[in-house]
Amino acid sequence: MKTTAVIMAGGKGERFWPKSRTSRPKQFLSLTSDGETMIQKTVKRLLPVVDMEDIFIVTNSSYTALVREQLPEIPTENILAEPCARNTAPCIAFAAAVINRKYDDAVMLVLPSDHLISNEILYADTLKKAVSVAEKDKNLVTIGITPNYPETGYGYINFGIEKDGAYSVERFVEKPDLPTAEKYLESGRYLWNSGMFIWKLSSIMNNIHRFMPDIYDGAMKIGESFGTGNFNEVLEREFTSFRSESIDFGIMEKADNIYTIPGNFGWDDVGSWLAVERINDTDDDSNYIDGNVIAEDTRHVTICGGKRLIAAVGIEDIIIVDTEDAVLVCSKNSTQDVKKIIARLKEQGRNDLI
């Protein structure tokens, strides 16, 4: 059976402001020393599993030019432009309906565009195993990440019985508090929810029809119009009418035949500026420093400089990010609150900085 992949690339990456902007969000930035952008890395590590011609990018209509610029090998018709943001369930339904026009049935990998993987060989092997599980019956498969500390920023997957390398999913749980996360870690029966899914087109479409019939009907109309002269008109009408819904809440928390495969391939969701020191080399004082920077007596800092000199003296556990028109100075304990700056800028009408 044909294997396809859908890469979701419509996010705004607000927690990576001021580097990440509405015009060029996180997935189109390079955050590592090799110069490759997040989305370029995502496509590259998929190639042992999926042919380039069967990789589809779902993104906001504002970003189609960026996708073409950074991924010229992707067929133009495989760049699916959402007219507005409607969360992951409509995104996946849209892509599934379009791919279904090309193939009667196929395995469909659904992956975020802005994660990093350190062991790409093991990653490809894990996806291949997931594909083999998804091909059986009507299985819906998700990749769970084996936790190594009690993270409170991720949802968790409680897994049960093992069969052929995959585990039945007992339940999905929301982001826990620290004591609960510690219990999850100690039990050894929970995985982090990575947001990676593998299933046959027929399996996911049947579940969308069952649990979200309104979205199913609209997606089918979009799929039927794909490749015709009125595709854009139908897409605009139907997609904008979809309610915003996550695939986790809309399908995964309700469906049957849910399985998970543990991932141990060095996954990082690169969720905030804290990730930069995890994914890059640091100096003897645990600093990550890039750009025009002089640092004295500094420890555990991340400084991303530009043309201007940044002089840092006697600081610790601080993040500094310099761009042409804005500078972020942030405690490492407050990286999740960078989005509050975006909210303030919106209130002030300073859209040129967003």
Side-chain angles (χ1 to χ4, degrees), residues 5-8 11 13 15-16 26-27 31 38 41-42 45-46 87-89 92 109-131 133-134 139-162 165-199 246-255 258-279 332-333 335-336:
V6 172
I7 298 173
M8 299 180 291
R15 283 174 293 182
F16 269 86
K26 178 180 67 169
Q27 60 269 30
L31 298 175
M38 305 286 279
K41 285 181 173 294
T42 302
R45 62 175 173 259
L46 266 179
N87 214 322
T88 53
I92 291 167
L109 284 68
V110 179
L111 307 164
S113 59
D114 55 359
H115 293 178
L116 287 180
I117 306 295
S118 60
N119 190 332
E120 296 186 357
I121 294 175
L122 184 55
Y123 171 76
D125 288 344
T126 304
L127 290 184
K128 290 174 184 177
K129 181 188 293 185
V131 167
V133 175
N139 297 336
L140 305 181
V141 184
T142 182
I143 305 296
I145 305 301
T146 303
N148 52 15
Y149 64 94
E151 173 62 57
T152 59
Y154 303 146
Y156 282 70
I157 301 167
N158 180 208
F159 64 91
I161 300 171
E162 186 269 340
Y167 294 80
S168 61
V169 171
E170 300 295 319
R171 62 187 180 121
F172 291 86
V173 293
E174 297 298 323
K175 298 174 183 178
D177 57 23
L178 183 57
T180 304
E182 290 171 342
K183 291 178 182 177
Y184 291 167
L185 183 64
E186 184 179 355
S187 76
R189 306 301 299 180
Y190 287 82
L191 303 169
W192 290 334
N193 187 350
S194 71
M196 299 184 226
F197 307 101
I198 304 91
W199 41 51
S246 73
I247 198 70
D248 297 84
F249 182 78
I251 300 293
M252 302 302 285
E253 295 180 7
K254 302 171 182 176
I258 309 290
Y259 292 90
T260 188
I261 295 176
N264 299 286
F265 36 69
W267 171 85
D268 198 305
D269 77 332
V270 197
S272 73
W273 280 110
L274 278 179
V276 172
E277 67 182 37
R278 294 197 303 264
I279 62 179
K332 285 189 175 181
N333 292 328
T335 55
Q336 298 297 321

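Annotation: side chain of Arg15 is not in contact with side chain of Thr335 (no heavy-atom distance under 4.5 Å). Side-chain contact between Ile261 and Thr126: present, with at least one pair of heavy atoms (C-beta onward) separated by less than 4.5 Å. Counting heavy atoms from C-beta on, the side chains of Gln336 and Ser272 come closer than 4.5 Å. In this structure the side chain of Leu127 reaches within 4.5 angstrom of the side chain of Leu46, judged on heavy atoms. In this structure, Tyr184 and Asn158 have side chains that are not in contact, with every pair of non-hydrogen atoms separated by 4.5 Å or more. Within the 4.5 Å cutoff, the side chain of Ile92 has no heavy atoms near those of the Val6 side chain. Within the 4.5 Å cutoff, no side-chain heavy atoms of Ile258 are placed close to those of Ile157.
Residue Thr142 holds its OG1 atom at 6.5 Å from CD1 of Ile198, rounded to the nearest 0.5 Å. Rounding to the nearest 0.5 Å places OG1 of Thr42 at 8.5 Å from CD1 of Ile117. To the nearest 0.5 angstrom, Lys129 atom NZ is 8.5 Å from Leu122 atom CG. Summarising the geometry, atom OH belonging to Tyr154 is positioned 11.0 Å from atom CG belonging to Asn193; distances are rounded to the nearest 0.5 Å. Interatomic distance, Arg45 CZ to His115 NE2, rounded to the nearest 0.5 Å: 9.0 Å.
Of the candidates Thr260, Val133, Ile251, Val169, Leu140 forms a side chain to side chain contact (heavy atoms under 4.5 Å, CB included) with just one, namely Ile251.
Evaluation of the salt bridge (Lys or Arg N to Asp or Glu O under 4.0 Å) test over residues 109-125, restricted to residues two or more places apart or in two chains, returns Lys26-Asp114. Residue pairs satisfying the salt bridge (Lys or Arg N to Asp or Glu O under 4.0 Å) criterion with at least one member in residues 177-197, sequence neighbours excluded, are absent.
When the salt bridge (Lys or Arg N to Asp or Glu O under 4.0 Å) test is applied to Arg278, the partners found at least two apart in sequence or on another chain are Asp268. A search for side-chain hydrogen bond (donor to acceptor under 3.5 Å, both in side chains) contacts involving Lys128 returns nothing, not counting sequence neighbours. With sequence neighbours excluded, no residue forms a ring pair (Phe, Tyr, Trp, His ring centres under 6.0 Å) with Tyr259. For Glu151, there are no salt bridge (Lys or Arg N to Asp or Glu O under 4.0 Å) partners at least two apart in sequence or on another chain. Taking the side-chain contact (heavy atoms from CB on, under 4.5 Å) definition, one finds that Pro262 meets it with Thr146, Tyr167, Leu191, Asn264, sequence neighbours left out. Every residue two or more places apart in sequence or in another chain that forms a side-chain contact (heavy atoms from CB on, under 4.5 Å) with Ser194 is listed here: Ile143, Ile145, Met196, Trp267. Evaluation of the salt bridge (Lys or Arg N to Asp or Glu O under 4.0 Å) rule for Lys41 yields Asp34, Glu36 as partners, not counting sequence neighbours. The side-chain contact (heavy atoms from CB on, under 4.5 Å) check on Lys254 picks up Phe211, Phe249, with sequence neighbours excluded. By the ring pair (Phe, Tyr, Trp, His ring centres under 6.0 Å) test, Phe265 is found to be paired with Tyr123, residues two or more places apart in sequence or in another chain being considered. Every side-chain contact (heavy atoms from CB on, under 4.5 Å) that Ala181 has, sequence neighbours left out, goes to Pro150, Thr152, Tyr156, Pro176.
Closest non-hydrogen pair, Phe16 versus Val276, comes out as CE2-CG2, 4.2 Å. Across all non-hydrogen atoms, the minimal contact from Ser113 to Met8 is OG-O, 3.0 Å. Heavy-atom minimum distance, Asn148 versus Trp192: OD1-CH2, 3.6 Å. Shortest non-hydrogen contact noted between Val270 and Ala275 is CA-CB, 3.6 Å. Between Pro112 and Gly195, the shortest heavy-atom distance links the atoms CD-O, 3.6 Å. Here the closest non-hydrogen pair linking Phe172 and Met252 is CE1-O, 3.3 Å.
Heavy-atom neighbours of Ile161 CD1 from other residues, nucleotides or ligands within 6.0 Å: at or below the threshold of 12.
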